[in-house]
Protein chains: 2
Amino acid sequence: MTEPPGRRERKKAATRQKIADTALRLFLERGYDAVGIRDVAAEADVAVTTVFSHFASKEALVFERDHDFEQRLTRAVTDRPPHEPLIPALHREVQALVRHCTAEGSAPLRRMIEGSPALREYEESMSLRHAQALAAALAADPHLSRSATACRATARFVIDAYALACQADDPGATADEVFRMIQAAWEATAP
Amino acid sequence: MTEPPGRRERKKAATRQKIADTALRLFLERGYDAVGIRDVAAEADVAVTTVFSHFASKEALVFERDHDFEQRLTRAVTDRPPHEPLIPALHREVQALVRHCTAEGSAPLRRMIEGSPALREYEESMSLRHAQALAAALAADPHLSRSATACRATARFVIDAYALACQADDPGATADEVFRMIQAAWEATAP
DNA sequence: GAAGGTAACCCTAACCGTTAGCCTTTCACA
DNA sequence: TGTGAAAGGCTAACGGTTAGGGTTACCTTC
């Protein structure tokens with residue numbers, strides 16, 4: 001993953017990283033709204049067009065590492081031991097993700113996101129994509145012969161659990177409680 | 001509600017309506033992305049600033065009548081007969097809302113919304129607000145002594161049911177199926 | 001190792017949604 | 001009738017985003 005696949009791609013990755021690091025630093029220093037794309041570009045010493053060739057939007061600069069999220073959720077489904085029940089596997093993974101997102105170091109970032117309507121909206125739309133990916137993973141699992149609707153609903157419920165837990169006072173307990181509900185909902189779909 | 005409370009307010013309402021009608025017509029004629037705010041303002045014969053004094057954003061022009069939505073959901077909770085079970089009441093209301101949204105005349109509008117990422121994202125963020133209002137209504141109901149987490153989760157599940165049903169091939173059956181899951185989830189939270 | 005192709009990057013200028021500042025008209029109410 | 005305020009208008013600008021067109025640096029192939 002970190003091996004050199006050619007100078008060109010290494011330079012590209014370095015540029016991307018420099019932009020992301022600079023952006024996050026400026027956002028945290030001065031506030032998201034107070035920093036313009038032109039500021040980020042200038043500070044990272046690249047052109048504005050270069051920023052947008054690496055990131056689809058200003059908001060995307062903040063959520064650089066969210067590829068993980070989707071993959072971790074779907075892998076919690078696809079990579080679980082055979083015959084391991086689905087919901088506890090998802091529960092465990094969500095708990096880990098919630099801990100990651102409510103960890104000490106993430107507090108300023110979290111506060112920034114909650115403070116910006118644009119960022120909250122963007123995060124919401126990411127959640128929708130994650131739910132769709134998770135629904136696809138559920139539908140593809142041969143051990144779970146559930147309807148497409150049941151898969152889609154369960155996927156959204158799991159994303160809801162994550163979102164609720166991240167904002168809750170006691171994230172762990174909240175995730176536990178919501179997953180009790182999800183477990184019951186899932187069992188109600190048994191064929 | 002439709003009585004004349006003074007000329008000024010009538011004129012204001014007329015302006016607002018004219019803007020909304022013009023916008024929707026132009027959007028459907030030429031496509032959402034192909035119509036600018038300046039076009040809408042010119043065609044409605046008002047200033048751009050007037051458009052934004054009536055609507056918070058371009059997307060809001062499309063969802064003019066969504067105040068209904070939130071109120072209908074919360075009223076399905078607050079106005080239901082005493083001791084009527086919660087979930088069937090919500091189920092019935094969601095079915096009605098889904099029928100409304102998948103009716104014949106709504107097809108072009110629906111297609112337009114689905115075709116624009118900006119509109120989809122906006123609708124998502126509206127959903128979040130609706131879920132919060134519904135969660136508040138659930139938490140306030142004296143007959144349902146459930147935890148705040150249970151209320152919030154159930155509210156999101158209900159919104160999920162609506163969203164899934166609106167996009168499904170068979171909206172009615174989809175809502176039924178998801179509400180069977182919600183019923184089970186809700187029962188699992190009984191104190 | 002030289003030649004050609006192309007990916008990454010730069011610059012300029014613009015588009016579009018949105019807002020600020022300030023002015024004019026029109027209504028409500030004393 | 002006069003006065004304050006709300007609704008609306010005009011102009012200019014800001015900030016995210018993109019198009020167009022050029023330059024450099026890397027990879028490939030001979």
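What you see is a predicted model, and the numbers here were worked out from it, not measured in a lab. Computed from heavy atoms alone, side chains included, the values below leave out hydrogens, waters and symmetry copies.
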Could you tell me which residues satisfy side-chain contact (heavy atoms from CB on, under 4.5 Å) with R156(B), sequence neighbours excluded, listed by chain and number?
E124(A), D160(A), A163(A), L164(A), L128(B), A131(B)
On DNA chain C, which is the earliest and which the latest nucleotide, 5' to 3', with an atom closer than 4.0 Å to a heavy atom of chain A?
dT6(C) to dA14(C)
Side-chain donor/acceptor of S116(B) to backbone N/O of I113(B), under 3.5 Å
no
Who are the side-chain contact (heavy atoms from CB on, under 4.5 Å) partners of R25(A), not counting sequence neighbours?
T22(A), E29(A), E43(A)
When K58(B) and R8(A) are each assigned the nearest nucleotide of DNA chain C, the 5'-most assignment goes to R8(A)
Would you mind telling me which of I182(B), V158(B), L144(B) makes a side-chain contact (heavy atoms from CB on, under 4.5 Å) with L86(B)?
L144(B)
Under 4.0 Å from a heavy atom of chain B: give me the 5'-most and 3'-most nucleotides of DNA chain D that qualify.
dA5(D) to dA13(D)
By a strict heavy-atom criterion of less than 4.0 Å, which residues belonging to residues 39-54 of chain B are in contact with DNA chain C?
V48(B), T49(B), F52(B)
Which residue pairs pass the ring-ring contact (aromatic ring centres under 6.0 Å, His included) test with at least one member in residues 8-39 of chain A, sequence neighbours excluded?
F27(A)-Y32(A)
Tell me every residue that passes side-chain contact (heavy atoms from CB on, under 4.5 Å) with L28(B), counting only those two or more places apart in sequence or in another chain.
L24(B), P108(B), M112(B)
So which of residues 11-33 of chain B are in contact with DNA chain C, with a heavy-atom cut-off of under 4.0 Å?
K11(B)
Check for a donor-acceptor pair, side chain of R146(A) on one end and backbone N or O of A150(A) on the other, with a separation under 3.5 Å.
no
Just call it for R7(B): base, sugar-phosphate, or nothing, with non-hydrogen atoms closer than 4.0 Å on any strand.
sugar-phosphate
With H83(B) via side-chain contact (heavy atoms from CB on, under 4.5 Å) - residues at least two apart:
H143(B)
Let me check something: any side-chain donor-acceptor pairs from residues 47-57 of chain B under 3.5 Å, sequence neighbours excluded? List them with distances.
{"unit_1": "S53(B)", "atom_1": "OG", "unit_2": "T50(B)", "atom_2": "O", "d": "2.9"}
{"unit_1": "S57(B)", "atom_1": "OG", "unit_2": "A60(B)", "atom_2": "N", "d": "3.3"}

Return the set of residues passing side-chain hydrogen bond (donor to acceptor under 3.5 Å, both in side chains) with R110(B) (not counting sequence neighbours), or none when no residue passes.
E114(B), E123(B)
Applying side-chain hydrogen bond (donor to acceptor under 3.5 Å, both in side chains), can you list everything that pairs with E104(B), at least two apart in sequence or on another chain?
none
Side-chain donor/acceptor of R152(A) to backbone N/O of T149(A), under 3.5 Å
no
Main chain of T102(B), side chain of S106(B): is a donor-acceptor contact present, judged purely on distance under 3.5 Å?
no
